[in-house]
There are 2 protein chains.
Amino acid sequence: MATSNESFRYFTLGLLAHQPMSGYDIRRFLKSLEWLIGSPSFGVIYPALHALLEDGLVTMEVASRPDKPPRKIYSITEAGKQALLEWVDQPPASNANLKAFIMRLIPVGSSAHAGLIVHLQQRRAQVLAHQADLERIITDWAEGVDWGQRLAVDYGLAVASAELAWLDKVLVRLSTEPWAEEVIEIERSVDMV
Amino acid sequence: MATSNESFRYFTLGLLAHQPMSGYDIRRFLKSLEWLIGSPSFGVIYPALHALLEDGLVTMEVASRPDKPPRKIYSITEAGKQALLEWVDQPPASNANLKAFIMRLIPVGSSAHAGLIVHLQQRRAQVLAHQADLERIITDWAEGVDWGQRLAVDYGLAVASAELAWLDKVLVRLSTEPWAEEVIEIERSVDMV
DNA sequence: AAGCGCATGTAAAAGGTTACATGATTAC
DNA sequence: GTAATCATGTAACCTTTTACATGCGCTT
């Protein structure tokens, strides 16, 4: 085992489970999701790939193309798929924030449906708890409240509501729709924003 | 000048502008907002307070109480208020995530009405941009899409929608209501952009 | 041949957490 | 007297960013 950084290593492994990529590809993909989960620099990405390679969870091959510099393409191995499934099965941290949730959602959503439902239900319980926390803050104040703090809590409650609505929507879909039509289903769910 | 850690130092200064507190108080307050902005450990809080003290932005006095161990209460100074106003005036990072936004929202919302509106409008523009990014990802895919990735993007769009709705609601309220004294700064009138 | 976009990599510095040390006060 | 809570602080460790180094291949 090389460096630790477990969650990012497995997140990366999840991306590679979908399709082989280079470090540069991963960087670009994360750049587009920067708002959601941040986009770690090469100083994180490359060492993570090296660690996965050392652990035998991925293989690497150099792809020389005619018109561009060569790239190192990483592909997941059978051992990698196995390790990913095991990791996905583990319960998430109880205090996971939005970023941590999404970073698990991607590999979990890609692999196992039963695991996905559990994952979303756990998230739902956590958001409910945090919502209660925020509401308790407000009732504890009740007067002489700082404006900035009030706005911040109000904002948090708005996000919590939106998250709960989204989670319920997805959970209902997952529990009522037959698995076979999953791809079509999710395409329908995405358009309504 | 002591350690860097600028954003957390000013965030702390903003809390002290609202009311004098000890490091322990700050920790407890942040614990309740953990979901929103995370709760840094004492290894961050105490050095930040020491740095503020060294820079003359706060003063410290030991409060010995009869029934509990003594605490070090930090209060903002005039120089501190000045520095805070200058910091609040600076534009936020263009790629600020939710946490960074909230950490600025608290001091900004506490100090200046005009600055608050600008801050929220900037956030609004950023969220719109990120929303467009996420929508572009979807249109770029269109085929053989990974389930987890689709869920993540869908989730991001739901949060973006909620944020925009919240921002619009607050901005409308701020621009239409004749403003209450609460928002106007405690002692001094400030001119801001 | 200079500059740019692609692509990989690393070292130094900054940022943050964990674990520990210290000690006062209350409750059992 | 010993455990628990309050309260402050530091050092070792881990993670992440920043800044740099390297080099291919295309365009001007």
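Note that the coordinates shown come from a computational prediction; the quantities given were computed from them, not determined experimentally.
For A:P69, taking side-chain heavy atoms from C-beta onward, the closest of the listed nucleotides D:dG25, D:dT8, C:dG23 is D:dG25. Each of D:dA7, D:dT17, C:dT8 was ranked by its minimum atom distance to the side chain of A:V44; first place goes to D:dT17. Considering only the side chain of B:P70, C:dA24 comes nearest among D:dT16, C:dA24, D:dT8. The side chain of A:F42 sits closest to C:dG9 out of D:dG9, D:dT17, C:dG9.
As a whole-Å value, the separation of B:R27 CZ from D:dT8 P is 12 Å. A:E61 has its CD atom 13 Å from the P atom of C:dT8, to the nearest Å. Distance CZ (B:F8) to P (C:dG16): 9 Å, rounded to an integer number of Å. A straight line from CG of B:L49 to P of D:dG9 spans 8 Å, rounded to a whole angstrom. Remark: C1' of C:dG9 and NE2 of A:H50 are 7 Å apart, rounded to the nearest angstrom. In this structure, the CD1 atom of A:I45 is 10 Å from the P atom of C:dT8, given to the nearest Å. Following rounding to the nearest Å, A:Y74 (OH) and C:dA7 (P) show an atom-to-atom distance of 14 Å. Atom CZ in B:R9 sits about 12 Å away from atom P in C:dG16, given to the nearest Å.
Distances shown here put a side-chain N or O of B:R65 below 4.0 Å from the OP1 or OP2 atom of D:dA7. At least one side-chain nitrogen or oxygen of B:N5 sits closer than 4.0 Å to the OP1 or OP2 atom of C:dG16. Residue A:S22 places at least one side-chain N or O closer than 4.0 Å to OP1 or OP2 of C:dT8. A:Y46 has a side-chain polar atom (N or O) that falls below the 4.0 Å cut-off from OP1 or OP2 of C:dT8. Phosphate contact (OP1/OP2 of C:dA24, side-chain N/O of B:R71, threshold under 4.0 Å): absent.
The aromatic rings of A:F101 and B:Y155 stand perpendicular to each other, their planes meeting at an angle above 60°, with 30° marking the opposite boundary. Classification of the B:Y10-B:W87 ring pair by plane angle, with boundaries at 30° and 60°, yields parallel. Below 30°, between 30° and 60°, or above 60°: for B:Y46 and B:F42 the angle between ring planes is below 30°, a parallel geometry.
Formation of a donor-acceptor pair under 3.5 Å by the A:R123 side chain with backbone atoms of A:V118 is not found in this model.
For the pair A:P66 and A:P40, both in contact range of DNA chain D, the more 5′-proximal nearest nucleotide belongs to A:P40. With the nearest nucleotide of DNA chain D identified for both A:G43 and B:I73, B:I73 has the one nearer the 5' end.
Ion pair A:R9/A:E6 not flagged as a salt bridge, since none of the NZ, NE, NH1 or NH2 atoms sits closer than 4.0 Å to an Asp/Glu carboxylate oxygen.
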